[in-house]
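If you're wondering where the values come from, they're calculated on a predicted model, not measured in any experiment. Quick note on labels: first sequence line is chain A, next is B, and so on, each numbered from 1.
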Protein chains: 2
Amino acid sequence: MSLKDYPHPSVTVDVVIFTLREDDLQVLLVKRAHPPFEDMWAIPGGFVDVGESLEKAALRELEEETGVRKVYLEQLYTFGDPGRDPRGHVITVAYFALVTVSAIDPHAGSDAAETGWWSVYDLPPLAFDHADILSYALERLRYKLEYTAVGFELLPETFVLSELRTAYEIILGEQLDKRNFRRKILGAGVIEETGDHRAGEGRPAKLYHFRDDAVAEVKTRRLFP
Amino acid sequence: MSLKDYPHPSVTVDVVIFTLREDDLQVLLVKRAHPPFEDMWAIPGGFVDVGESLEKAALRELEEETGVRKVYLEQLYTFGDPGRDPRGHVITVAYFALVTVSAIDPHAGSDAAETGWWSVYDLPPLAFDHADILSYALERLRYKLEYTAVGFELLPETFVLSELRTAYEIILGEQLDKRNFRRKILGAGVIEETGDHRAGEGRPAKLYHFRDDAVAEVKTRRLFP
DNA sequence: ACAAAAGTGTTGAGAGTACACCCATGC
DNA sequence: GCATGGGTGTACTCTCAACACTTTTGT
């Protein structure tokens, strides 16, 4: 028997793309140009080609929308309810990506469809089951942030400690103690001083950068309570 | 445009079915009757029908092989490498299930194909990328066990504390301190005394059972170091 | 009475939390 | 010299890990 003898569900990937912008945690959404859900906002995604791996498909979507190639990308969950797409049975493998705002090409993807960054704290109505996907992605991001060092992926190459702490506060939605944060993040050994400083309104702050092996290294340890 | 206009990858579900048998953590495998990988052992699985949810498909596979309907079932990961099945591009959504050995119907599925329970510590060569899937499932089971109360799903309805501790030791592959185990598991409030005892070789032991809401309740707390 | 498994407390170490002041710079 | 953000240390609490003896039953 051949694999082609039966009707099969279709497979898409959807990518929840997070970034830090405007002191806010934001996601990239696209406005649908065709039915169903015409003119509603949706998570960027598309069909998986035959012979294309899921991760490649997700990276392709990501690059189409943002112009970014090097990002943190993690498989989230696979949503396969037969009723989730009115056109037929479409299974979607959801991914989430963390990108530095400075790496984004603002012109990417803009010719094809309207795209926009939306605060996760103030979202429009979403097409399909994308609200579920997004809320699960946010939950997972927060969870990951506490146990691993992925927060780094949202910041530029070098940064000062207050920026890192602010990033954590924005994502977690709560205040963190300055001294305890320093002690933990430095104790975890995942960032290093660059030796440079950044001048600002007050005393100049030390610049840090992430160690490349940091994400893998902290996998087991909980960073924040 | 119709969803049917393009060739699509096929979608299967594979279910890693764990149980505790013979003082060992074992998984159910089926011997393949057809090429590719004829006569090799594989994780039970099958195609997802159009209109069927992923979870339903997984439960269907599970019932076909074990006769069990009520189990703990969790989506594991979706494997979609185009080269993983030589017949073509087959994406598989992997699940893992925990079943009580006493609930298993030993005759289920036996007419169609040869099935067998294998120790996770002594597995045969596996078809496709099933060795990867299984090792990831085991990792996830251990991880889950430490942070949540899923271990319960592998035991009969009532049990004594030493059985529960032994179950944890078998799965984690390490010894646990008797007193610390008692304190933690009782402190977590996930099990209750039934009031009965079980006589054995030594002093009779109190019987316990799980509270139905237990699995949900302990999600955030780490049970074992 | 003895074998076999069940049951029970304490102590020390490390991690987490809360909390307030001095430091370096620009204007 | 003052406003602004950067940088630092300590004490208390709580959780985890290590550890050995008594109790209850069956034979």
Side-chain angles (χ1 to χ4, degrees), chain A residues 23 142-143 145-149 151 155-156 158-170 172-209 217-225, chain B residues 23 142-143 145-149 155-156 158-170 172-209 218-225:
Chain A
D23 288 325
R142 286 183 174 144
Y143 182 81
L145 202 66
E146 291 178 347
Y147 281 90
T148 72
L155 289 180
T158 64
F159 51 90
V160 299
L161 275 181
S162 61
E163 290 172 334
L164 183 59
R165 181 166 46 84
T166 303
Y168 274 77
E169 288 175 345
I170 290 168
L172 296 175
E174 61 181 305
Q175 297 286 108
L176 299 171
D177 182 85
K178 185 161 63 159
R179 284 159 294 185
N180 293 340
F181 184 86
R182 287 182 85 81
R183 187 175 331 111
K184 274 194 208 166
I185 206 81
L186 292 176
V190 290
I191 64 176
E192 290 174 334
E193 300 181 17
T194 64
D196 292 332
H197 294 258
R198 177 188 299 167
E201 285 205 53
R203 171 176 173 176
K206 285 182 186 170
L207 280 166
Y208 291 84
H209 68 100
E217 207 172 85
V218 233
K219 278 255 162 72
T220 51
R221 201 169 353 160
R222 187 161 189 188
L223 284 178
F224 297 97
Chain B
D23 288 326
R142 287 183 172 145
Y143 183 80
L145 202 67
E146 292 178 346
Y147 281 90
T148 72
L155 289 181
T158 65
F159 52 89
V160 299
L161 275 182
S162 60
E163 290 171 335
L164 183 59
R165 182 165 47 84
T166 302
Y168 273 78
E169 289 175 343
I170 290 168
L172 297 176
E174 62 182 305
Q175 296 286 109
L176 298 172
D177 181 86
K178 186 161 64 157
R179 284 160 291 186
N180 292 339
F181 184 86
R182 286 182 87 80
R183 188 176 328 113
K184 275 193 209 167
I185 206 80
L186 293 175
V190 290
I191 64 176
E192 290 175 332
E193 299 181 18
T194 65
D196 292 332
H197 294 256
R198 177 187 299 167
E201 284 206 54
R203 171 175 173 176
K206 286 181 184 170
L207 279 166
Y208 291 84
H209 68 100
V218 234
K219 278 253 163 73
T220 52
R221 204 170 351 161
R222 187 161 190 187
L223 283 178
F224 298 96

**Prompt:** Separation of A:Phe181 atom CZ from C:dC19 atom P, in whole Å?
**Reply:** 20 Å
**Message:** Can you measure B:Leu207 atom CG to C:dG7 atom C1' for me and round it to whole angstrom units?
**Reply:** 15 Å
**Asked** Whole Å only: how far is the CG atom of B:Asp177 from the P atom of C:dG7?
**Response** 15 Å
**Complete:** The reported gap from CG in A:Leu161 to CD1 in A:Ile185 (rounded to nearest 0.5 angstrom) is 8.0 Å
**Fill in**
Among D:dT8, D:dT4, C:dT8, the one nearest any side-chain atom of A:Glu201 is D:dT4
**Request:** Rounded off to whole Å, could you give me the NZ-to-P distance for the A:Lys206 and D:dG6 pair?
**Result:** 13 Å
**Request:** Give one of base, sugar-phosphate or nothing for A:Lys178, where a contact means two heavy atoms less than 4.0 Å apart.
**Result:** base
**Message:** I want to verify a distance call: between D:dA20, D:dA17, C:dC19, whose nearest atom is closest to the B:Arg179 side chain?
**Reply:** D:dA20
**Request:** Provide, to the nearest angstrom, the distance between the CG atom belonging to A:Leu161 and the P atom belonging to C:dC23.
**Result:** 20 Å
**Euclidean distance, B:Thr158 OG1 relative to B:Ile191 CD1, rounded to 0.5 Å** = 11.5 Å
**Prompt:** Nearest 0.5 Å, what's the OH-CG distance between B:Tyr143 and B:Leu172?
**Reply:** 13.5 Å
**Asked** From the list D:dA17, D:dG5, D:dT8, which nucleotide is the closest neighbour of the side chain of A:Arg203?
**Response** D:dG5
**Request:** Starting from P on C:dA5, measure out to CZ on B:Arg165 and report it in whole angstrom.
**Result:** 12 Å
**Asked** Using Watson-Crick and G-U wobble pairs whose two distances are both under 3.5 Å, how do you write the pairing of DNA chain D as dot-bracket, with | for links to another strand?
**Response** |||||||||||||||||||||||||||
**Request:** State which residues pass side chain to side chain donor-acceptor pair (under 3.5 Å) with B:Arg183; sequence neighbours excluded, sorted by chain then number.
**Result:** B:Asn180
**Request:** If a pair satisfies side-chain hydrogen bond (donor to acceptor under 3.5 Å, both in side chains) and one of its residues is in residues 194-204 of chain A, list it, with sequence neighbours excluded.
**Result:** A:Glu163-A:Arg198
**Asked** Which of these nucleotides, D:dG6, D:dA17, D:dA20, is closest to any side-chain atom of B:Arg183?
**Response** D:dA17
